[in-house]
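Each remark here refers to the structure printed beneath this line.
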Amino acid sequence: MKYWLVLSILFLGIVVSAQNQGEIEKQIDEIIKELTLEEKVKMCHAQSKFSSPGVERLGIPEIWMSDGPHGVRAEIEWDSWSYAGWTNDSCTAFPALTCLASTFNPDLAYKYGVAIGEEARYRKKDILLGPGVNIYRTPLNGRNFEYMGEDPYLASVMCVPYIKGVQTNGVAACVKHYALNNQEVWRGHINVKISDRALHEIYLPAYKAAVREGGVWSIMGAYNKYNGQHTSHHEVLINGILKGAWAFDGVVVTDWGSAHDTREAALNGLDIEMGTGTDGLTSSTENAYDHYYLAKPFLELLKSGEIDESVVDDKVRRILRLMYRTNIDKNRPFGRKANQLHFNVAREVAQEGIVLLKNNKSFLPLNPETTQTIAVIGENATRMMTVGGGSSELKTVHEISPLHGIQQRFTNANIIHSMGYASGPSQYGRVIPSDLDQDSLKQAAIETAKKADVVLFVGGLNKNHEQDCENGDRKSLNLPFGQDELLDEIVAVNKNVVVVLVSGNAVTMPWQAKAKAIVQAWYLGSESGYAIADVLSGDVNPSGKLPFSFPVKLEDNGAHAFDELSYPGDGTDQVYKEDILVGYRWHDTKKIKPLYAFGYGLSYTTFKINSASVNAEEFKAGDEISLSVELSNVGQMAGSEVLQVYVRDEKSSVMRPHKELKGFKKVQLAAGQTQTIELSVAVDSFAFYDENNNDWKLEKGNYQLLIGTASNNIKKTIKVAVK
Ligand code: BGC
């Protein structure tokens, strides 16, 4: 028998007999002994745009990765960013993560994770590059739509089941982008300066939950720097916090092209380097992947003894551990893709995530049997939203447009349509204006609006460069492409205007008072138009809640209340001057009324919190507080409400936000039904990050539990003491 075959069988034999973690670790040790230094180093960097090599001699497989985070991306060429042109790589596009966060429904996050994980598995991916949990600091951030909003608790609670769901398929989730990548401007080099407190209280909790509660198997570094060092090989973030304090035992992957230094990459915890500024084989005489920081330069430092072999062994151990969990786990399921079950999950998430912002005199729902004339106006009524946006762009099996969904549901109505404005094609990194005549489009839309009983304006942003897209922030909080002006004219000729906003970000709404209803519809993926029609028709009673605040104007947002050093920085550095007061923490504490508050969202029915009580008045560290809240649906329609529990520290040795979310529960009630809902809140979650001791500190004293249905709609307050 040939030597390589013997080894390959040895490897497989080892794998097959692995039973428990202890045994697996021993077997990993055995495999590491078989590997040459060259083979070990090879495993630590890319071999193509989305894969890292295995060891052919031993049958150790390659690792294949894919974006993420709301669908499995189409196949990319080996060595370039072009699409490979496969015909079997269309996916279900699930709603973007802002929508998932808006559901406030962790069970749905699990379903989402299972379904997207099945698609990744079917497509033979070992790592799915998601979820993204960067905190919504500024409404200008081009990638907010990929993330889970402004609140660390919400993002934590929602990302954990997503991760678990993905990983039931033997596919690693890869939580990203660790950490502080909260804007796209200068993302490759901006040096974020932030207090330890804000880092730990606001920006890290979701990653911590992903690791400690979600058991995530991989994590992606970010492009930016923090305190002078690139985050993908950061001594404090990775060695100190992630692998040290949180005991993360998985793999750290770079963001694509975010490694910058061999020694730091080797010593500061990076395990796999991807996408480093080369076009791979095609643009170089030699294999460019060999020139990655964790390739030949790393090998040389190992060979010379400047870096100890134990350093590469640790990386390989983590990579092999990930393989035991994924591509060499004999028991992993086979996955499945783009089937009705997945479309159903996508639709359910979309239905539950859509947020009803305004509904003057119950203007919505529209009677689905209506024979009236409905004008559907706006480019987003027909535009594909799975295209564009950057790395999360998807090639989906189908995408139901809002216009199509509305036409399918309101079959007796006379539906007329007008584009209203045009934005130009989506192009990564570049704005290409439309060459259509905007004035004619506008005039046509106004004429269309005049003829209609009801106008459904479907606009918003659109994943073009600087309109919710990677690698560029928005330039303003206003709606682009002349939509505000167009809306002004439409509301002047028609009193029955419903605005449906398709976006992953807050926008200003100068026309707000004149719209009868406003619906925040996110990027909803494959089933988009159906879900929008479900809500407009009342087939589904909206229950989504905003995962971030909508400021009236940009300066009302904490990051924008200071000079340019706060946002976007001076080109080198950036200081998070609002500190821990992100989102509603800023609005509440500074008493700046938002346009729409965090946690807010209307329903077609009315809920009433009748009473709330706790199981005791005094608690101590480690306790769980049990809350009983009696909730009634006093309206005419079944619906769901999200009970939210915020905590306020009455007296503290440090500044505390006015209130902070510490618990929530989504509850479904029939019309007229009353139910007592049990919620629990961990006393330890009252702690703040104490910079003097570099640790969390729970102060004794009085706290208030604020119970409501939005951050600005608190109905009951209960005092408790921590002794
Ligand atoms: C993005 C990541 C993405 C990677 C691979 C990077 O530019 O920041 O989120 O996973 O590309 O496409």
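When a ligand or atom number is given, it counts from 1 through the structure's own listing order.
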**Message:** Looking at K337, I'd like to know if its NZ atom is crowded, meaning that more than 12 non-hydrogen atoms belonging to other residues, nucleotides or ligands lie closer than 6.0 Å.
**Reply:** yes
**Asked** Which of the atoms in ligand 1, numbered in the order shown and given with their element, are less than 4.0 Å from a heavy-atom of R187?
**Response** 7 (O), 8 (O)
**Message:** salt bridge (charged side-chain N to carboxylate O under 4.0 Å, His left out), that's the test. Do E75 and R123 meet it? Break it down for me.
**Reply:** CA-CA 9 Å; E75 299 299 327; R123 292 266 305 280; 3.0 Å; yes
**Message:** For ligand 1, which is the ligand I care about here, please tell me if H177 has any N or O atom under 3.5 Å from one of the ligand's N or O atoms.
**Reply:** yes
**Message:** So if I count the atoms of ligand 1 from 1 in the order they appear, which ones are less than 4.0 Å from some heavy atom of K176?
**Reply:** 2 (C), 3 (C), 9 (O), 10 (O)
**Asked** Around E564, counting heavy atoms of other residues, nucleotides and ligands shown, do more than 12 lie under 6.0 Å from its CD?
**Response** no
**Request:** Flag this pair as yes if the NZ/CZ of K395 is under 6.0 angstrom from the six-membered ring centre of Y83 and inside a 45 degree cone about the axis; otherwise no.
**Result:** no
**Item:** Note: E184-R187 ion pair, threshold 4.0 Å (strictly below)
**Value:** yes
**Prompt:** Quick check: does D67 get an N/O under 3.5 Å from an N/O on ligand 1?
**Reply:** yes
**Prompt:** Would you say the side-chain atoms of D255 pair up with the backbone N or O of G257, donor to acceptor, closer than 3.5 Å?
**Reply:** no
**Request:** Work out whether the distance between some heavy atom of M65 and some atom of ligand 1 is less than 4.0 Å.
**Result:** no
**Request:** Would you check if N169 and R332 make a side-chain contact, meaning some heavy-atom pair closer than 4.5 Å?
**Result:** no
**Request:** Specify the protein heavy atom at minimum distance from atom 4 (C) of ligand 1: its residue, its atom name, and the distance to 0.1 Å.
**Result:** D255 OD1, 3.5 Å
**Item:** SB check R325 D249 (cutoff 4.0 Å)
**Value:** yes
**Close-contact set for ligand 1 against R73 heavy atoms, below 4.0 Å** = 12 (O)
**Request:** Indicate yes or no: does an N/O atom of W256 lie under 3.5 Å from an N/O atom of ligand 1?
**Result:** no
**Asked** Considering only heavy atoms of S391, which atoms of ligand 1 have at least one such atom less than 4.0 Å away?
**Response** 1 (C), 2 (C), 3 (C), 9 (O), 12 (O)
**Prompt:** How does M274 reach ligand 1, if at all, at less than 4.0 Å between non-hydrogen atoms: by side chain, backbone, both, or neither?
**Reply:** neither
**Message:** Tell me whether M220 reaches ligand 1 (any heavy atom closer than 4.0 angstrom to a ligand atom).
**Reply:** yes
**Request:** Provide the number and element of each atom of ligand 1 under 4.0 Å from a heavy atom of L129.
**Result:** 10 (O)
**Message:** Heavy-atom pairs closer than 4.0 Å: do any link ligand 1 to the side chain of K49, the backbone, both, or neither?
**Reply:** neither
**Message:** I'd like to check which ligand 1 atoms, numbered from 1 as shown, lie under 4.0 Å from a non-hydrogen atom of F50.
**Reply:** 5 (C), 12 (O)
**Item:** Under the ring-ring contact (aromatic ring centres under 6.0 Å, His included) test, residues paired with Y153 that sit two or more places apart
**Value:** F664
**Message:** Tell me whether the count of non-hydrogen atoms from other residues, nucleotides or ligands lying under 6.0 Å of CZ in F343 goes above 12.
**Reply:** yes
**Residue part near ligand 1, for E184, under 4.0 Å between non-hydrogen atoms** = neither
